[in-house]
Number of protein chains: 4
Amino acid sequence: MNKVFLIGRLTRDPELKFTPGTGNAVATFSLAVDRNYVGQSGQREADFINIVCWRKLAEHVANNLGKGRLVAVAGRIETRSYQAQDGSKRYVTEVVADEVKFLDWPKEGSSSYRGGATIPEDSREQESGFFEVDGDDDIPF
Amino acid sequence: MNKVFLIGRLTRDPELKFTPGTGNAVATFSLAVDRNYVGQSGQREADFINIVCWRKLAEHVANNLGKGRLVAVAGRIETRSYQAQDGSKRYVTEVVADEVKFLDWPKEGSSSYRGGATIPEDSREQESGFFEVDGDDDIPF
Amino acid sequence: MNKVFLIGRLTRDPELKFTPGTGNAVATFSLAVDRNYVGQSGQREADFINIVCWRKLAEHVANNLGKGRLVAVAGRIETRSYQAQDGSKRYVTEVVADEVKFLDWPKEGSSSYRGGATIPEDSREQESGFFEVDGDDDIPF
Amino acid sequence: MNKVFLIGRLTRDPELKFTPGTGNAVATFSLAVDRNYVGQSGQREADFINIVCWRKLAEHVANNLGKGRLVAVAGRIETRSYQAQDGSKRYVTEVVADEVKFLDWPKEGSSSYRGGATIPEDSREQESGFFEVDGDDDIPF
DNA sequence: TTTT
DNA sequence: TTTT
(Lines give C-alpha, C1' and ligand atoms only; values in the text may rest on other atoms or scores of the structure.)
Protein backbone atom coordinates (compact mmCIF):
# COMPACT_ATOMS: atom_id res chain seq x y z
CA MET A 1 0.00 0.00 0.00
CA ASN A 2 1.28 3.38 -0.96
CA LYS A 3 -1.32 6.17 -0.90
CA VAL A 4 -0.96 9.95 -0.89
CA PHE A 5 -3.57 12.72 -0.69
CA LEU A 6 -2.50 16.34 -1.09
CA ILE A 7 -4.14 19.73 -1.47
CA GLY A 8 -1.96 22.64 -2.59
CA ARG A 9 -1.07 25.20 -5.24
CA LEU A 10 1.17 24.82 -8.30
CA THR A 11 4.37 26.81 -7.85
CA ARG A 12 4.76 27.09 -11.64
CA ASP A 13 3.13 25.99 -14.88
CA PRO A 14 3.34 22.22 -15.53
CA GLU A 15 6.14 21.03 -17.80
CA LEU A 16 5.14 18.55 -20.52
CA LYS A 17 7.60 16.05 -22.02
CA PHE A 18 7.41 12.80 -23.96
CA THR A 19 9.31 9.57 -23.31
CA PRO A 20 12.03 8.91 -25.92
CA GLY A 21 10.94 5.41 -26.80
CA THR A 22 7.18 5.19 -26.67
CA GLY A 23 6.38 8.88 -26.85
CA ASN A 24 4.22 8.81 -23.72
CA ALA A 25 3.25 12.16 -22.26
CA VAL A 26 4.62 13.10 -18.81
CA ALA A 27 3.76 16.30 -16.99
CA THR A 28 5.62 17.48 -13.90
CA PHE A 29 4.98 20.29 -11.49
CA SER A 30 5.71 21.30 -7.92
CA LEU A 31 2.91 21.61 -5.37
CA ALA A 32 3.12 24.01 -2.41
CA VAL A 33 1.25 22.31 0.45
CA ASP A 34 0.66 24.54 3.47
CA ARG A 35 1.69 23.19 6.83
CA ASN A 36 -0.85 23.26 9.63
CA TYR A 37 1.41 24.57 12.29
CA VAL A 38 2.98 28.01 12.36
CA GLY A 39 6.74 27.84 11.87
CA GLN A 40 8.61 29.61 14.67
CA SER A 41 10.10 32.97 13.60
CA GLY A 42 9.84 33.21 9.85
CA GLN A 43 10.42 29.55 9.12
CA ARG A 44 9.16 27.76 6.05
CA GLU A 45 5.45 27.06 6.24
CA ALA A 46 4.88 24.90 3.18
CA ASP A 47 6.20 21.67 1.70
CA PHE A 48 7.14 21.67 -1.98
CA ILE A 49 6.28 18.31 -3.44
CA ASN A 50 7.11 17.18 -6.97
CA ILE A 51 4.16 15.68 -8.83
CA VAL A 52 4.39 13.46 -11.93
CA CYS A 53 1.44 12.75 -14.24
CA TRP A 54 1.42 10.24 -17.11
CA ARG A 55 -0.39 9.96 -20.43
CA LYS A 56 -3.90 11.41 -20.63
CA LEU A 57 -3.67 12.94 -17.19
CA ALA A 58 -0.36 14.58 -18.19
CA GLU A 59 -1.95 16.21 -21.21
CA HIS A 60 -5.01 17.28 -19.29
CA VAL A 61 -2.90 18.89 -16.58
CA ALA A 62 -0.54 20.58 -19.05
CA ASN A 63 -3.46 21.98 -21.05
CA ASN A 64 -5.57 23.18 -18.18
CA LEU A 65 -3.48 23.98 -15.12
CA GLY A 66 -1.07 26.81 -14.41
CA LYS A 67 0.94 28.47 -11.67
CA GLY A 68 -1.05 29.31 -8.55
CA ARG A 69 -3.95 26.94 -9.23
CA LEU A 70 -5.38 24.98 -6.27
CA VAL A 71 -5.65 21.21 -6.77
CA ALA A 72 -6.17 17.97 -4.88
CA VAL A 73 -3.85 15.12 -5.87
CA ALA A 74 -4.32 11.42 -5.10
CA GLY A 75 -1.45 9.11 -5.93
CA ARG A 76 1.55 7.27 -4.57
CA ILE A 77 5.13 8.01 -3.56
CA GLU A 78 7.83 6.79 -5.92
CA THR A 79 11.57 6.92 -5.42
CA ARG A 80 14.25 6.66 -8.08
CA SER A 81 17.95 7.34 -8.42
CA TYR A 82 20.04 8.92 -11.15
CA GLN A 83 23.66 9.64 -11.91
CA ALA A 84 24.61 13.26 -11.10
CA GLN A 85 27.05 15.30 -13.24
CA ASP A 86 29.90 14.51 -10.85
CA GLY A 87 29.17 10.78 -11.11
CA SER A 88 27.57 10.46 -7.67
CA LYS A 89 24.22 8.75 -7.17
CA ARG A 90 21.30 11.04 -6.30
CA TYR A 91 17.89 10.01 -4.99
CA VAL A 92 14.58 11.59 -5.93
CA THR A 93 11.20 11.20 -4.24
CA GLU A 94 8.09 12.13 -6.23
CA VAL A 95 4.35 11.69 -6.06
CA VAL A 96 2.92 9.93 -9.12
CA ALA A 97 -0.66 11.19 -9.49
CA ASP A 98 -3.61 8.89 -10.17
CA GLU A 99 -6.16 11.71 -9.90
CA VAL A 100 -5.98 15.48 -10.01
CA LYS A 101 -9.04 17.47 -8.99
CA PHE A 102 -9.22 21.17 -9.86
CA LEU A 103 -10.42 23.18 -6.88
CA ASP A 104 -10.50 26.74 -8.21
CA TRP A 105 -10.70 28.49 -11.54
CA PRO A 106 -8.05 30.83 -12.90
CA LYS A 107 -8.65 34.58 -13.01
CA GLU A 108 -8.51 35.90 -16.56
CA GLY A 109 -5.19 37.58 -17.33
CA SER A 110 -3.17 35.50 -14.85
CA SER A 111 -0.40 33.21 -16.10
CA SER A 112 -2.60 30.29 -15.15
CA TYR A 113 -5.43 31.44 -17.39
CA ARG A 114 -5.42 28.89 -20.21
CA GLY A 115 -7.70 28.70 -23.22
CA GLY A 116 -9.67 31.54 -24.79
CA ALA A 117 -12.94 33.09 -23.71
CA THR A 118 -14.71 29.76 -24.09
CA ILE A 119 -14.63 26.20 -22.85
CA PRO A 120 -11.20 24.49 -23.02
CA GLU A 121 -10.57 21.84 -25.66
CA ASP A 122 -10.83 18.75 -23.49
CA SER A 123 -13.96 20.02 -21.88
CA ARG A 124 -15.55 16.81 -20.71
CA GLU A 125 -13.19 16.48 -17.76
CA GLN A 126 -13.13 20.22 -17.13
CA GLU A 127 -16.85 20.25 -16.49
CA SER A 128 -16.61 17.80 -13.65
CA GLY A 129 -13.28 19.22 -12.51
CA PHE A 130 -12.07 15.68 -12.34
CA PHE A 131 -9.77 13.45 -14.29
CA GLU A 132 -8.60 9.93 -13.62
CA VAL A 133 -5.79 7.99 -15.17
CA ASP A 134 -5.60 4.34 -16.14
CA GLY A 135 -2.74 3.65 -13.78
CA ASP A 136 -0.42 2.39 -16.52
CA ASP A 137 3.16 3.38 -16.04
CA ASP A 138 6.17 3.85 -18.17
CA ILE A 139 9.92 3.58 -18.10
CA PRO A 140 11.24 6.47 -15.97
CA PHE A 141 13.46 8.93 -17.77
CA MET B 1 -3.98 18.55 3.47
CA ASN B 2 -1.00 16.27 3.35
CA LYS B 3 -1.72 12.62 4.13
CA VAL B 4 0.29 9.48 3.51
CA PHE B 5 -0.51 5.80 4.18
CA LEU B 6 2.15 3.15 3.63
CA ILE B 7 2.63 -0.54 4.31
CA GLY B 8 6.13 -1.95 3.99
CA ARG B 9 9.19 -3.47 5.66
CA LEU B 10 12.12 -1.74 7.38
CA THR B 11 15.27 -2.02 5.30
CA ARG B 12 17.42 -1.63 8.43
CA ASP B 13 17.12 -1.05 12.17
CA PRO B 14 15.83 2.41 13.11
CA GLU B 15 18.43 5.03 14.00
CA LEU B 16 17.76 7.07 17.14
CA LYS B 17 19.14 10.58 17.67
CA PHE B 18 18.37 13.58 19.84
CA THR B 19 18.03 17.22 18.81
CA PRO B 20 20.99 19.35 19.97
CA GLY B 21 18.91 22.05 21.66
CA THR B 22 15.89 20.46 23.26
CA GLY B 23 17.06 16.87 23.32
CA ASN B 24 13.97 15.57 21.54
CA ALA B 25 14.12 12.00 20.27
CA VAL B 26 14.06 11.40 16.51
CA ALA B 27 14.07 7.99 14.90
CA THR B 28 14.64 7.44 11.19
CA PHE B 29 14.37 4.38 9.02
CA SER B 30 13.78 3.42 5.41
CA LEU B 31 10.65 1.55 4.37
CA ALA B 32 10.56 -0.80 1.37
CA VAL B 33 7.06 -0.53 -0.12
CA ASP B 34 6.26 -3.09 -2.81
CA ARG B 35 4.92 -1.80 -6.09
CA ASN B 36 1.77 -3.40 -7.44
CA TYR B 37 2.92 -3.76 -10.98
CA VAL B 38 5.71 -6.03 -12.17
CA GLY B 39 8.66 -4.00 -13.41
CA GLN B 40 9.60 -4.96 -16.99
CA SER B 41 12.91 -6.84 -17.31
CA GLY B 42 14.37 -6.99 -13.84
CA GLN B 43 13.51 -3.43 -12.83
CA ARG B 44 13.10 -2.24 -9.28
CA GLU B 45 9.84 -3.36 -7.73
CA ALA B 46 9.81 -1.42 -4.49
CA ASP B 47 10.00 2.20 -3.38
CA PHE B 48 12.37 3.06 -0.56
CA ILE B 49 10.82 5.78 1.54
CA ASN B 50 12.53 7.58 4.42
CA ILE B 51 10.42 7.75 7.57
CA VAL B 52 10.94 10.17 10.46
CA CYS B 53 9.39 9.70 13.92
CA TRP B 54 9.51 12.23 16.76
CA ARG B 55 9.49 12.04 20.56
CA LYS B 56 7.58 9.16 22.14
CA LEU B 57 6.91 7.53 18.80
CA ALA B 58 10.64 7.74 18.02
CA GLU B 59 11.56 5.92 21.21
CA HIS B 60 8.84 3.34 20.77
CA VAL B 61 9.98 2.59 17.24
CA ALA B 62 13.68 2.49 18.16
CA ASN B 63 13.00 0.15 21.08
CA ASN B 64 10.66 -2.24 19.35
CA LEU B 65 11.25 -2.33 15.61
CA GLY B 66 14.09 -3.78 13.57
CA LYS B 67 15.14 -4.63 10.05
CA GLY B 68 12.61 -6.67 8.11
CA ARG B 69 9.59 -5.85 10.26
CA LEU B 70 6.28 -5.16 8.53
CA VAL B 71 4.54 -1.91 9.52
CA ALA B 72 1.80 0.48 8.45
CA VAL B 73 2.70 4.17 8.61
CA ALA B 74 0.30 7.11 8.57
CA GLY B 75 1.79 10.58 8.30
CA ARG B 76 2.62 13.43 5.96
CA ILE B 77 5.24 14.31 3.36
CA GLU B 78 7.81 16.92 4.38
CA THR B 79 10.50 18.50 2.25
CA ARG B 80 13.62 20.28 3.43
CA SER B 81 16.92 21.43 1.99
CA TYR B 82 20.46 21.35 3.28
CA GLN B 83 23.93 22.47 2.25
CA ALA B 84 25.98 19.62 0.68
CA GLN B 85 29.74 19.19 1.27
CA ASP B 86 30.49 20.92 -2.05
CA GLY B 87 28.32 23.89 -1.04
CA SER B 88 25.42 23.04 -3.34
CA LYS B 89 21.84 22.95 -2.08
CA ARG B 90 20.24 19.50 -1.82
CA TYR B 91 16.57 18.68 -1.37
CA VAL B 92 15.17 15.87 0.77
CA THR B 93 11.68 14.42 0.86
CA GLU B 94 10.61 12.39 3.90
CA VAL B 95 7.47 11.01 5.50
CA VAL B 96 6.93 12.24 9.05
CA ALA B 97 4.95 9.53 10.83
CA ASP B 98 1.95 10.25 13.06
CA GLU B 99 1.16 6.57 13.62
CA VAL B 100 3.11 3.35 13.19
CA LYS B 101 1.24 0.07 13.44
CA PHE B 102 3.21 -3.16 13.87
CA LEU B 103 1.87 -5.84 11.55
CA ASP B 104 4.05 -8.81 12.38
CA TRP B 105 6.20 -10.02 15.26
CA PRO B 106 9.91 -10.72 14.98
CA LYS B 107 11.23 -14.27 14.97
CA GLU B 108 13.55 -14.91 17.87
CA GLY B 109 17.20 -14.74 16.87
CA SER B 110 16.69 -12.33 13.96
CA SER B 111 18.30 -8.90 14.05
CA SER B 112 14.83 -7.43 14.54
CA TYR B 113 14.23 -9.46 17.66
CA ARG B 114 14.32 -6.88 20.46
CA GLY B 115 13.83 -7.43 24.16
CA GLY B 116 14.29 -10.67 26.06
CA ALA B 117 12.00 -13.63 26.51
CA THR B 118 9.36 -11.46 28.17
CA ILE B 119 7.22 -8.43 27.51
CA PRO B 120 9.11 -5.35 26.27
CA GLU B 121 9.57 -2.38 28.60
CA ASP B 122 6.97 -0.07 27.10
CA SER B 123 4.45 -2.84 26.97
CA ARG B 124 1.22 -0.87 26.99
CA GLU B 125 1.58 0.05 23.33
CA GLN B 126 3.02 -3.30 22.40
CA GLU B 127 -0.10 -5.07 23.52
CA SER B 128 -2.29 -3.18 21.11
CA GLY B 129 0.40 -3.09 18.45
CA PHE B 130 -0.36 0.58 18.11
CA PHE B 131 1.22 3.85 19.04
CA GLU B 132 0.16 7.39 18.27
CA VAL B 133 2.07 10.61 18.60
CA ASP B 134 0.92 13.99 19.84
CA GLY B 135 1.69 15.67 16.56
CA ASP B 136 4.16 18.13 18.11
CA ASP B 137 7.12 18.90 15.95
CA ASP B 138 10.60 20.13 16.42
CA ILE B 139 13.28 22.13 14.72
CA PRO B 140 14.68 19.98 11.88
CA PHE B 141 18.36 19.15 12.12
CA MET C 1 -5.72 2.25 11.02
CA ASN C 2 -8.88 3.99 9.95
CA LYS C 3 -8.37 6.93 7.61
CA VAL C 4 -10.80 8.79 5.35
CA PHE C 5 -10.22 11.64 2.95
CA LEU C 6 -13.19 13.31 1.23
CA ILE C 7 -13.89 16.35 -0.94
CA GLY C 8 -17.51 17.41 -1.40
CA ARG C 9 -20.25 19.95 -0.74
CA LEU C 10 -22.51 20.35 2.31
CA THR C 11 -26.08 19.35 1.48
CA ARG C 12 -27.40 21.60 4.27
CA ASP C 13 -26.19 23.93 7.01
CA PRO C 14 -24.39 22.16 9.86
CA GLU C 15 -26.44 21.32 12.96
CA LEU C 16 -24.86 22.19 16.31
CA LYS C 17 -25.72 20.36 19.53
CA PHE C 18 -24.16 19.88 22.95
CA THR C 19 -23.68 16.64 24.88
CA PRO C 20 -26.05 16.34 27.88
CA GLY C 21 -23.38 15.57 30.45
CA THR C 22 -20.23 17.49 29.63
CA GLY C 23 -21.74 20.07 27.30
CA ASN C 24 -19.30 19.33 24.50
CA ALA C 25 -20.11 20.80 21.10
CA VAL C 26 -20.97 18.43 18.24
CA ALA C 27 -21.71 19.55 14.70
CA THR C 28 -23.15 17.25 12.05
CA PHE C 29 -23.70 17.69 8.36
CA SER C 30 -24.06 15.63 5.21
CA LEU C 31 -21.44 15.81 2.45
CA ALA C 32 -22.27 15.16 -1.21
CA VAL C 33 -19.20 13.54 -2.76
CA ASP C 34 -19.28 13.22 -6.56
CA ARG C 35 -18.59 9.81 -8.01
CA ASN C 36 -15.99 9.58 -10.73
CA TYR C 37 -17.92 7.37 -13.06
CA VAL C 38 -21.12 8.27 -14.85
CA GLY C 39 -24.05 6.29 -13.48
CA GLN C 40 -25.87 4.40 -16.22
CA SER C 41 -29.33 5.79 -17.07
CA GLY C 42 -29.97 8.60 -14.66
CA GLN C 43 -28.59 6.84 -11.61
CA ARG C 44 -27.29 8.60 -8.54
CA GLU C 45 -23.87 10.11 -9.09
CA ALA C 46 -22.93 11.21 -5.59
CA ASP C 47 -22.50 9.61 -2.19
CA PHE C 48 -24.08 11.35 0.81
CA ILE C 49 -21.82 10.89 3.79
CA ASN C 50 -22.64 11.98 7.34
CA ILE C 51 -19.86 13.96 9.00
CA VAL C 52 -19.46 14.52 12.74
CA CYS C 53 -17.22 17.22 14.27
CA TRP C 54 -16.45 17.62 17.96
CA ARG C 55 -15.55 20.54 20.26
CA LYS C 56 -13.65 23.44 18.73
CA LEU C 57 -13.94 22.01 15.23
CA ALA C 58 -17.71 21.67 15.73
CA GLU C 59 -18.04 25.32 16.66
CA HIS C 60 -15.79 26.45 13.86
CA VAL C 61 -17.76 24.48 11.31
CA ALA C 62 -21.14 25.59 12.67
CA ASN C 63 -20.07 29.25 12.67
CA ASN C 64 -18.44 29.34 9.27
CA LEU C 65 -19.87 26.72 6.94
CA GLY C 66 -23.21 26.47 5.20
CA LYS C 67 -25.13 24.57 2.57
CA GLY C 68 -23.33 24.27 -0.75
CA ARG C 69 -19.84 25.00 0.56
CA LEU C 70 -16.95 22.91 -0.81
CA VAL C 71 -14.72 21.28 1.82
CA ALA C 72 -12.06 18.63 2.26
CA VAL C 73 -12.52 16.35 5.28
CA ALA C 74 -9.89 14.11 6.85
CA GLY C 75 -11.05 11.73 9.54
CA ARG C 76 -12.10 8.19 10.33
CA ILE C 77 -15.14 5.95 9.94
CA GLU C 78 -17.11 5.22 13.08
CA THR C 79 -20.04 2.88 13.49
CA ARG C 80 -22.60 2.87 16.26
CA SER C 81 -26.00 1.38 16.95
CA TYR C 82 -29.14 2.77 18.51
CA GLN C 83 -32.61 1.62 19.48
CA ALA C 84 -35.23 2.59 16.86
CA GLN C 85 -38.80 3.71 17.76
CA ASP C 86 -40.11 0.20 17.09
CA GLY C 87 -37.50 -1.27 19.44
CA SER C 88 -35.31 -2.72 16.69
CA LYS C 89 -31.57 -2.11 16.60
CA ARG C 90 -30.30 0.22 13.87
CA TYR C 91 -26.72 0.71 12.71
CA VAL C 92 -25.18 4.03 11.69
CA THR C 93 -21.92 4.70 9.88
CA GLU C 94 -20.40 8.19 10.10
CA VAL C 95 -17.14 9.95 9.39
CA VAL C 96 -15.70 11.69 12.44
CA ALA C 97 -13.64 14.61 11.15
CA ASP C 98 -10.15 15.44 12.41
CA GLU C 99 -9.63 18.25 9.91
CA VAL C 100 -11.96 20.29 7.71
CA LYS C 101 -10.41 22.49 5.04
CA PHE C 102 -12.57 25.17 3.39
CA LEU C 103 -12.06 25.12 -0.38
CA ASP C 104 -14.29 27.97 -1.52
CA TRP C 105 -15.85 31.10 -0.06
CA PRO C 106 -19.58 31.75 0.12
CA LYS C 107 -21.21 34.27 -2.19
CA GLU C 108 -22.83 37.09 -0.24
CA GLY C 109 -26.59 36.62 0.06
CA SER C 110 -26.51 32.84 -0.16
CA SER C 111 -27.69 30.73 2.75
CA SER C 112 -24.09 29.76 3.36
CA TYR C 113 -23.00 33.35 3.77
CA ARG C 114 -22.17 33.64 7.46
CA GLY C 115 -20.91 36.69 9.35
CA GLY C 116 -21.21 40.31 8.30
CA ALA C 117 -19.26 42.36 5.79
CA THR C 118 -16.08 41.85 7.77
CA ILE C 119 -13.85 39.11 9.07
CA PRO C 120 -15.67 36.38 11.03
CA GLU C 121 -15.25 36.17 14.81
CA ASP C 122 -12.90 33.23 14.96
CA SER C 123 -10.72 34.70 12.27
CA ARG C 124 -7.41 33.04 13.01
CA GLU C 125 -8.54 29.77 11.49
CA GLN C 126 -10.47 31.48 8.73
CA GLU C 127 -7.33 33.11 7.43
CA SER C 128 -5.59 29.84 6.79
CA GLY C 129 -8.81 28.13 5.78
CA PHE C 130 -7.77 25.32 8.06
CA PHE C 131 -8.75 23.98 11.43
CA GLU C 132 -7.52 20.96 13.31
CA VAL C 133 -8.96 19.26 16.31
CA ASP C 134 -7.25 17.72 19.30
CA GLY C 135 -8.64 14.30 18.60
CA ASP C 136 -10.37 14.00 21.96
CA ASP C 137 -13.66 12.26 21.81
CA ASP C 138 -16.77 12.12 23.82
CA ILE C 139 -19.53 9.79 24.85
CA PRO C 140 -21.77 9.30 21.81
CA PHE C 141 -25.32 10.49 22.22
CA MET D 1 -12.24 12.58 -3.91
CA ASN D 2 -13.37 9.71 -1.76
CA LYS D 3 -10.57 7.62 -0.28
CA VAL D 4 -10.55 5.14 2.58
CA PHE D 5 -7.71 3.19 4.13
CA LEU D 6 -8.43 0.55 6.80
CA ILE D 7 -6.60 -2.18 8.68
CA GLY D 8 -8.66 -4.72 10.58
CA ARG D 9 -9.88 -8.31 10.98
CA LEU D 10 -12.77 -10.08 9.25
CA THR D 11 -15.57 -10.75 11.74
CA ARG D 12 -16.78 -13.68 9.60
CA ASP D 13 -16.06 -15.49 6.34
CA PRO D 14 -16.78 -13.41 3.21
CA GLU D 15 -20.13 -14.00 1.51
CA LEU D 16 -20.03 -14.43 -2.27
CA LYS D 17 -22.99 -13.60 -4.52
CA PHE D 18 -23.59 -12.87 -8.18
CA THR D 19 -25.58 -10.03 -9.72
CA PRO D 20 -28.88 -11.22 -11.25
CA GLY D 21 -28.37 -9.64 -14.65
CA THR D 22 -24.70 -9.78 -15.57
CA GLY D 23 -23.62 -12.46 -13.13
CA ASN D 24 -20.83 -10.34 -11.69
CA ALA D 25 -19.23 -11.61 -8.49
CA VAL D 26 -19.67 -9.58 -5.30
CA ALA D 27 -18.13 -10.47 -1.97
CA THR D 28 -19.10 -8.80 1.29
CA PHE D 29 -17.64 -9.00 4.76
CA SER D 30 -17.44 -6.97 7.94
CA LEU D 31 -14.12 -5.61 9.16
CA ALA D 32 -13.40 -5.01 12.87
CA VAL D 33 -11.12 -1.97 13.02
CA ASP D 34 -9.63 -1.31 16.45
CA ARG D 35 -10.00 2.18 17.84
CA ASN D 36 -6.88 3.91 19.08
CA TYR D 37 -8.31 5.22 22.29
CA VAL D 38 -9.42 3.12 25.22
CA GLY D 39 -13.18 3.24 25.64
CA GLN D 40 -14.13 4.25 29.17
CA SER D 41 -15.53 1.40 31.29
CA GLY D 42 -16.19 -1.50 29.01
CA GLN D 43 -17.27 0.49 25.99
CA ARG D 44 -16.94 -0.71 22.42
CA GLU D 45 -13.40 -0.41 21.15
CA ALA D 46 -13.77 -1.30 17.49
CA ASP D 47 -15.70 -0.09 14.48
CA PHE D 48 -17.45 -2.71 12.35
CA ILE D 49 -17.28 -1.62 8.74
CA ASN D 50 -19.00 -3.38 5.85
CA ILE D 51 -16.72 -4.03 2.89
CA VAL D 52 -17.85 -4.79 -0.67
CA CYS D 53 -15.59 -6.30 -3.35
CA TRP D 54 -16.47 -6.73 -7.02
CA ARG D 55 -15.49 -9.17 -9.77
CA LYS D 56 -12.00 -10.65 -9.61
CA LEU D 57 -11.30 -9.11 -6.24
CA ALA D 58 -14.56 -10.60 -4.94
CA GLU D 59 -13.54 -14.09 -6.02
CA HIS D 60 -10.03 -13.71 -4.70
CA VAL D 61 -11.31 -12.59 -1.32
CA ALA D 62 -13.99 -15.29 -1.12
CA ASN D 63 -11.46 -17.99 -2.03
CA ASN D 64 -8.65 -16.92 0.23
CA LEU D 65 -9.91 -14.99 3.23
CA GLY D 66 -11.78 -16.13 6.31
CA LYS D 67 -12.94 -15.03 9.74
CA GLY D 68 -10.22 -13.50 11.89
CA ARG D 69 -7.80 -12.71 9.07
CA LEU D 70 -5.96 -9.37 9.19
CA VAL D 71 -6.18 -7.22 6.04
CA ALA D 72 -5.59 -3.72 4.76
CA VAL D 73 -8.35 -2.29 2.56
CA ALA D 74 -8.09 0.71 0.25
CA GLY D 75 -11.28 1.94 -1.35
CA ARG D 76 -14.08 4.48 -1.14
CA ILE D 77 -17.23 5.09 0.87
CA GLU D 78 -20.51 4.45 -0.92
CA THR D 79 -24.00 5.11 0.32
CA ARG D 80 -27.21 3.62 -0.96
CA SER D 81 -30.79 3.30 0.16
CA TYR D 82 -33.28 0.46 0.04
CA GLN D 83 -36.88 -0.24 0.91
CA ALA D 84 -37.26 -1.97 4.29
CA GLN D 85 -39.87 -4.68 5.00
CA ASP D 86 -42.19 -2.10 6.59
CA GLY D 87 -41.93 0.11 3.50
CA SER D 88 -39.65 2.71 5.11
CA LYS D 89 -36.44 3.88 3.40
CA ARG D 90 -33.19 2.70 4.96
CA TYR D 91 -29.71 4.01 4.30
CA VAL D 92 -26.56 1.92 4.11
CA THR D 93 -22.94 3.06 4.14
CA GLU D 94 -20.28 0.67 2.84
CA VAL D 95 -16.67 0.70 1.77
CA VAL D 96 -16.15 -0.51 -1.78
CA ALA D 97 -12.65 -1.98 -1.91
CA ASP D 98 -10.16 -1.25 -4.70
CA GLU D 99 -7.36 -3.19 -3.05
CA VAL D 100 -7.18 -5.79 -0.30
CA LYS D 101 -3.80 -6.71 1.12
CA PHE D 102 -3.45 -9.84 3.25
CA LEU D 103 -1.39 -9.11 6.35
CA ASP D 104 -1.24 -12.48 8.06
CA TRP D 105 -1.63 -16.13 7.18
CA PRO D 106 -4.26 -18.43 8.64
CA LYS D 107 -3.31 -21.06 11.19
CA GLU D 108 -4.10 -24.55 9.97
CA GLY D 109 -7.31 -25.89 11.46
CA SER D 110 -8.94 -22.49 11.95
CA SER D 111 -12.13 -21.61 10.08
CA SER D 112 -10.07 -19.18 8.02
CA TYR D 113 -7.74 -21.89 6.83
CA ARG D 114 -8.62 -22.28 3.15
CA GLY D 115 -7.09 -24.64 0.63
CA GLY D 116 -5.13 -27.80 1.34
CA ALA D 117 -1.58 -28.29 2.52
CA THR D 118 -0.24 -26.57 -0.56
CA ILE D 119 -0.40 -23.29 -2.40
CA PRO D 120 -3.95 -21.97 -3.03
CA GLU D 121 -5.41 -22.13 -6.52
CA ASP D 122 -5.03 -18.52 -7.52
CA SER D 123 -1.51 -18.43 -6.23
CA ARG D 124 -0.04 -15.57 -8.23
CA GLU D 125 -1.76 -12.97 -6.09
CA GLN D 126 -1.27 -14.97 -2.92
CA GLU D 127 2.48 -14.86 -3.31
CA SER D 128 2.61 -11.10 -3.26
CA GLY D 129 -0.22 -10.91 -0.76
CA PHE D 130 -1.75 -8.30 -2.99
CA PHE D 131 -4.64 -8.03 -5.38
CA GLU D 132 -5.95 -5.05 -7.27
CA VAL D 133 -9.19 -4.60 -9.06
CA ASP D 134 -9.96 -2.87 -12.32
CA GLY D 135 -12.24 -0.36 -10.66
CA ASP D 136 -15.23 -1.30 -12.80
CA ASP D 137 -18.49 -1.22 -10.97
CA ASP D 138 -21.83 -2.75 -11.32
CA ILE D 139 -25.47 -2.10 -10.66
CA PRO D 140 -25.97 -2.33 -6.88
CA PHE D 141 -28.34 -5.04 -5.75
C1' DT E 1 13.98 26.29 -8.58
C1' DT E 2 8.87 27.62 -4.96
C1' DT E 3 2.19 28.83 -4.41
C1' DT E 4 -2.28 32.10 -2.15
C1' DT F 1 -25.08 -9.95 13.07
C1' DT F 2 -19.17 -8.66 15.20
C1' DT F 3 -12.47 -9.74 14.93
C1' DT F 4 -7.27 -10.77 17.75
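Worth knowing before you read on, the calculation uses all heavy atoms, side chains too, and leaves out hydrogens, waters and symmetry mates. Lettering follows sequence order; numbering is per chain, from 1.
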Report the nucleotide, chosen from [options], that has the shortest atom-to-atom distance to any side-chain atom of [X].
X       : options             : result
A:Lys67 : E:dT3, E:dT1, F:dT2 : E:dT3
D:Ala46 : E:dT3, F:dT3, F:dT1 : F:dT3
D:Ala32 : E:dT2, F:dT3, F:dT2 : F:dT3
A:Phe48 : F:dT3, E:dT3, F:dT1 : E:dT3
A:Arg9  : F:dT3, E:dT3, E:dT1 : E:dT3
B:Lys89 : E:dT3, E:dT1, F:dT3 : E:dT1
D:Thr11 : F:dT1, F:dT3, E:dT3 : F:dT3
D:Asp34 : E:dT3, F:dT3, F:dT1 : F:dT3

Atom [atom1] of [X] and atom [atom2] of [N]: how far apart are they, to the nearest Å?
X        : N     : atom1 : atom2 : result
A:Ile7   : E:dT4 : CD1   : P     : 17 Å
D:Glu45  : F:dT2 : CD    : P     : 13 Å
C:Lys101 : E:dT4 : NZ    : P     : 14 Å
A:Leu65  : E:dT3 : CG    : C1'   : 13 Å
D:Leu31  : F:dT3 : CG    : P     : 12 Å
C:Leu103 : E:dT4 : CG    : P     : 17 Å
C:Ile77  : F:dT2 : CD1   : P     : 19 Å
A:Leu10  : E:dT2 : CG    : P     : 16 Å

Worksheet item: Would the D:Phe5 and C:Phe5 ring centres measure less than 6.0 Å apart?
Response: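 No, too far apart.
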
Discussion item. According to side-chain contact (heavy atoms from CB on, under 4.5 Å), who are the partners of A:Arg90, at least two apart in sequence or on a separate chain?
Written reply: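 Result, side-chain contact (heavy atoms from CB on, under 4.5 Å) vs A:Arg90: A:Tyr82, A:Ala84, A:Asp86, A:Ser88, B:Arg90.
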
Worksheet item: In chain order, what residues pass the ring-ring contact (aromatic ring centres under 6.0 Å, His included) check against D:Phe29, with sequence neighbours excluded?
Response: none

Practice prompt. Would you please test C:Arg76 and D:Asp47 for salt bridge (Lys or Arg N to Asp or Glu O under 4.0 Å) and show each step?
Written response: CA-CA 10 Å; C:Arg76 64 184 186 279; D:Asp47 293 290; 5.6 Å; no

Worksheet entry | CG on A:Asp13 to NZ on A:Lys67, rounded to 0.5 Å | 8.0 Å

